Amino acid sequence: MYGRLVVRLVLLLLLTAAVLLAPVPRLTPTATSVPTAPVPGPAPTVPAVGRAWPVGVRPPILRGWEPPATTYGRGHRGVDLAAPAGTPVRAVAAGRVSFAGRVAGKGVVSVELPGTGDPPLRTTYEPVRATVKKGDEVEAGEVVGTVEATGSHCTETCVHWGLRRADAYLDPLSLLPPWLLRRGPSRLLPVLGVPLPS
């Protein structure tokens, strides 16, 4: 009985040593493996050429920019701005209308922004009933259409504002300069040269 116990103990020690001393298997990706997020690099530069919000003065942001971890991953490739149906939609920056029409039943307007790199940046607004046509030159703040009552993916009526460079989606808020993004309290400035009341 004592001999069997010793043999079992020796076998157990040999198995443990074999497992501990065995090389670690190399795992190689397969077609069914989950893609990893891209290695973060420097963020693409977006010039702050915007001079107006697409709707209103400083509209409520219903959903912000949520870049996907992979090309086809989940995310939100733009910004949703609260706006009732019929609200004028303005070009954020000067450019040329590259598309004005319907995509999957939604009205879409795209404006290419010259001087923003190669390929140039392109903004998109949807759902919008276009008042411009392809090829039109627009200035910053110029009306390109109105918010449609249907076609929005928001729970309330909104305009989806997107930004792309070729096939890469970017944060559209990065087009706006800091002074346009901030909404601080009003400040009273001193009036010079006016006598104080006695």
Side-chain angles (χ1 to χ4, degrees), residues 37-38 40-117 119-132 134 136 138 140-178 180-183:
T45 52
V46 174
V49 295
R51 294 296 171 255
W53 282 90
V55 290
V57 177
R58 176 70 167 84
I61 297 173
L62 301 176
R63 185 172 178 194
W65 162 251
E66 299 165 16
T70 61
T71 304
Y72 301 107
R74 292 178 62 186
H76 191 238
R77 294 161 173 86
V79 174
D80 292 337
L81 304 172
T87 300
V89 178
R90 293 175 162 60
V92 171
R96 180 186 302 265
V97 177
S98 57
F99 180 84
R102 302 202 75 72
V103 176
K106 289 190 261 191
V108 178
V109 173
S110 294
V111 178
E112 191 172 277
L113 310 178
T116 57
L121 294 170
R122 188 174 69 241
T123 59
T124 28
Y125 314 95
E126 63 179 74
V128 173
R129 181 173 311 283
T131 57
V132 292
K134 183 177 179 178
D136 286 353
V138 293
E142 187 175 332
V143 174
V144 296
T146 56
V147 177
E148 291 183 325
T150 60
S152 172
H153 60 258
C154 302
T155 55
E156 59 185 89
T157 311
C158 76
V159 67
H160 178 83
W161 172 31
L163 176 66
R164 291 175 72 171
R165 184 184 302 280
D167 292 332
Y169 290 90
L170 304 167
D171 182 0
L173 291 175
S174 61
L175 279 175
L176 299 180
L180 203 50
L181 287 169
R182 283 192 297 266
R183 182 178 12 181

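Since the structure is predicted, the reported quantities are computational estimates derived from the model, not experimental observations.
Put simply, CH2 on W53 and CG on L81 are 6.5 Å apart, with the number rounded to the nearest 0.5 Å. Taken to the nearest 0.5 Å, the CZ atom of R51 stands 10.0 Å off from the CG atom of L175. Taken to the nearest 0.5 Å, the OG1 atom of T123 stands 12.0 Å off from the CZ atom of R164. Between the OG1 atom of T155 and the CG atom of L62 there is a distance of 7.0 Å, given to the nearest 0.5 Å.
Listed by first and then second residue, the ring pair (Phe, Tyr, Trp, His ring centres under 6.0 Å) pairs that reach into residues 90-112 come to none, sequence neighbours excluded. Counting only residues at least two apart or on different chains, the salt bridge (Lys or Arg N to Asp or Glu O under 4.0 Å) pairs with a member in residues 61-73 are R63-E66. Within the structure, every pair that satisfies the side chain to side chain donor-acceptor pair (under 3.5 Å) test and touches residues 103-115, not counting sequence neighbours, is listed here: K106-E126. Counting only residues at least two apart or in different chains, disulfide (SG to SG under 2.5 Å) contacts with residues 141-174 comprise C154-C158.
The side chain to side chain contact (heavy atoms under 4.5 Å, CB included) check on A94 picks up E139, with sequence neighbours excluded. With sequence neighbours excluded, the residues satisfying side chain to side chain contact (heavy atoms under 4.5 Å, CB included) with A85 are A149, T157. Qualifying side chain to side chain contact (heavy atoms under 4.5 Å, CB included) partners for P119, counting only residues two or more places apart in sequence or in other chains: R165, A166. Applying the side-chain hydrogen bond (donor to acceptor under 3.5 Å, both in side chains) rule to E156 yields no partners; only residues at least two apart in sequence or on another chain are considered. Listed by chain and number, the residues in a side-chain hydrogen bond (donor to acceptor under 3.5 Å, both in side chains) with E148 are R102 (sequence neighbours excluded). Checked against side-chain hydrogen bond (donor to acceptor under 3.5 Å, both in side chains), R96 has the following partners two or more places apart in sequence or in another chain: E137. Residues passing the salt bridge (charged side-chain N to carboxylate O under 4.0 Å, His left out) test with R90, sequence neighbours excluded: none. The side-chain hydrogen bond (donor to acceptor under 3.5 Å, both in side chains) check on D136 picks up K133, with sequence neighbours excluded.
H160 approaches D80 most closely through the heavy-atom pair ND1-OD1, 2.8 Å. Nearest heavy atoms, G50 versus L176: CA-CD2, 4.2 Å. G95 and P114 make their closest contact through CA-CD, 3.6 Å (heavy atoms, listed as atom of the first residue, atom of the second, distance). Among all heavy-atom pairs drawn from V92 and P54, the shortest one is CG2-CG, 3.6 Å. Shortest non-hydrogen contact noted between T70 and R77 is O-NH2, 4.3 Å. Between V97 and A100, the closest heavy-atom pair is CG1-CB, 4.1 Å.
Counting non-hydrogen atoms of neighbouring residues, nucleotides and ligands closer than 6.0 angstrom, the CZ atom of R129 reaches no more than 12 such neighbours.
In this pair, W161 and Y125 present their aromatic rings parallel. The plane angle is below 30°, not in the 30 to 60° band.
Between the T116 side chain and the L121 main chain, a donor and an acceptor come within less than 3.5 Å of each other.
Remark: of the listed residues T146, V128, T87, T87 is the sole one forming a side-chain contact (heavy atoms from CB on, under 4.5 Å) with V55.
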Notebook entry, point to check: V89 and V109: side chain to side chain contact (heavy atoms under 4.5 Å, CB included), yes or no, with the steps?
Noted result: CA-CA 10 Å; V89 178; V109 173; over 6 Å; no
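The shortest side-chain heavy-atom distance between L163 and V79 does not fall under the 4.5 Å cut-off. The shortest side-chain heavy-atom distance between V46 and D171 does not fall under the 4.5 Å cut-off.
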